[in-house]
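What you see below is based on every heavy atom in this structure, not just the backbone, and it leaves out hydrogens, waters and symmetry mates. All values derive from a computational prediction rather than experimental measurement.
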Amino acid sequence: QVQLVESGGGLVQAGGSRRLSCAASGRTLGNYPMGWFRQAPGKEREFVAGISRTGGRTVYTDSVKGRFTISRDNAKNTVYLQMNSLKPDDTATYYCTAKGDVYSFVSVYTGVSEYDYWGQGTQVTVST
C-alpha cells in the first residue's frame, strides 16, 4: 500500500509558476511509475504528466508541453510537478498517482484507470 500526499497548491497569477510536491509513504517510490492528473469543476479527470520508475522517461499532455516538468527524487520518496507560465485554464485540483506492480523501468501510463494509488489532491487556482 502506498500513501500519497500532495502539497504546493494555491493561488497564482497568470504567467506565474508553482511547484507541486507529492510525498509517498508505505513503500519505496522507486518501484512505481508516477503521474499527475487534474480535474476542473464539471470536467473529467485528465492526464497531465507521467514519469517512469527511474525518471528516465516522461510524457506530457499537449497543453502543458514546454511549461510543466515532472521529476522525481526516489531517495526522498517524492515526485514534483514544476508548473511555469500558468494560464487560467490550468486551474484545477491536481492529483498525484502511482501505479503498482510494474517491472519496466521505462513505462509511463496516461490513463486514469491504469493507476492504483491516488492522493487527496491540491487545488491550483490561476487568476487573470
Next item on the list: Report yes if some heavy atom in the side chain of T97 is under 4.5 Å from a heavy atom in the side chain of K99; otherwise report no.
Entry: no
Notebook entry, point to check: Do D90 and K87 meet the salt-bridge criterion of a basic N to acidic O distance under 4.0 Å?
Noted result: no
Item checked: Pair S17, N84: side-chain N/O donor-acceptor within cut-off below 3.5 Å -> yes
Next item on the list: Find out whether V108 and T58 are in side-chain contact, i.e. whether some heavy atom of one side chain is under 4.5 Å from a heavy atom of the other.
Entry: no
Margin query: Is the shortest side-chain heavy-atom distance between N31 and R53 below 4.5 Å?
Written below: yes
Note to self: Taking side-chain contact (heavy atoms from CB on, under 4.5 Å) as the definition, give me every residue that meets it alongside V112, ordered by chain and number, with sequence neighbours left out.
What the structure shows: F37, R45, W118
Notebook entry, point to check: How long is the gap from CG on L81 to OH on Y95, to the nearest 0.5 Å?
Noted result: 15.0 Å
Check: So, for L11 and S127, which heavy atoms are closest and what is the spacing to 0.1 Å?
Finding: CD1-CB, 4.2 Å
Next item on the list: List for me each residue that meets side-chain contact (heavy atoms from CB on, under 4.5 Å) alongside A98, sequence neighbours excluded, and say none if there are none.
Entry: L4, Y32, M34, Y117
Next item on the list: Sequence neighbours left out, what passes salt bridge (charged side-chain N to carboxylate O under 4.0 Å, His left out) with K43? Give chain and number order.
Entry: none
Check: Residues in salt bridge (charged side-chain N to carboxylate O under 4.0 Å, His left out) with E46, at least two apart?
Finding: R38
Checklist line | Identified side chain to side chain contact (heavy atoms under 4.5 Å, CB included) partner of T110 from the options Y60, Y115, F47 | finding: F47
Checklist line | Closest heavy-atom pair and its distance - P88, A14 | finding: CD-CB, 4.1 Å
Note to self: Nearest 0.5 Å, please: how far is OG in S25 from CG in N77?
What the structure shows: 8.0 Å
Notebook entry, point to check: If you group Ile, Leu, Val, Met, Phe, Trp and Tyr by side-chain heavy-atom gaps below 4.5 Å, do V59 and I51 land in one group?
Noted result: no
Item checked: Check: S7 and S21 side chains under 4.5 Å, non-hydrogen atoms -> yes
Notebook entry, point to check: Does any N or O in the side chain of T28 come within less than 3.5 Å of the main-chain N or O of G30, such that one atom is a donor and the other an acceptor?
Noted result: no
Notebook entry, point to check: Tell me, which pairs form a salt bridge (Lys or Arg N to Asp or Glu O under 4.0 Å) where one or both residues lie in residues 13-24, sequence neighbours left out?
Noted result: none
Check: Taking side chain as C-beta onward, heavy atoms only, is C22 less than 4.5 Å from W36?
Finding: yes
Check: Quick one: are I70 and V79 in side-chain contact, heavy atoms under 4.5 Å?
Finding: yes
Notebook entry, point to check: For the side chain of T61 and the backbone of V48, is there at least one donor-acceptor N/O pair under 3.5 Å apart?
Noted result: no
Item checked: Pairwise distance OH(Y94) to CD(E6) - rounded to 0.5 angstrom -> 12.5 Å
Notebook entry, point to check: Any side-chain donor-acceptor pair under 3.5 Å between T93 and Q123?
Noted result: yes
Notebook entry, point to check: Under 4.5 Å between any side-chain heavy atoms of Q13 and V126, yes or no?
Noted result: no
Margin query: A side-chain contact here means heavy atoms from C-beta on lying under 4.5 Å apart; do Y80 and D73 qualify?
Written below: yes
Next item on the list: Give a yes or no answer on whether the side chain of T78 reaches the backbone of K76 with a donor-acceptor pair at less than 3.5 Å.
Entry: yes
Checklist line | Residues in salt bridge (charged side-chain N to carboxylate O under 4.0 Å, His left out) contact with D89, at least two apart in sequence or another chain | finding: none
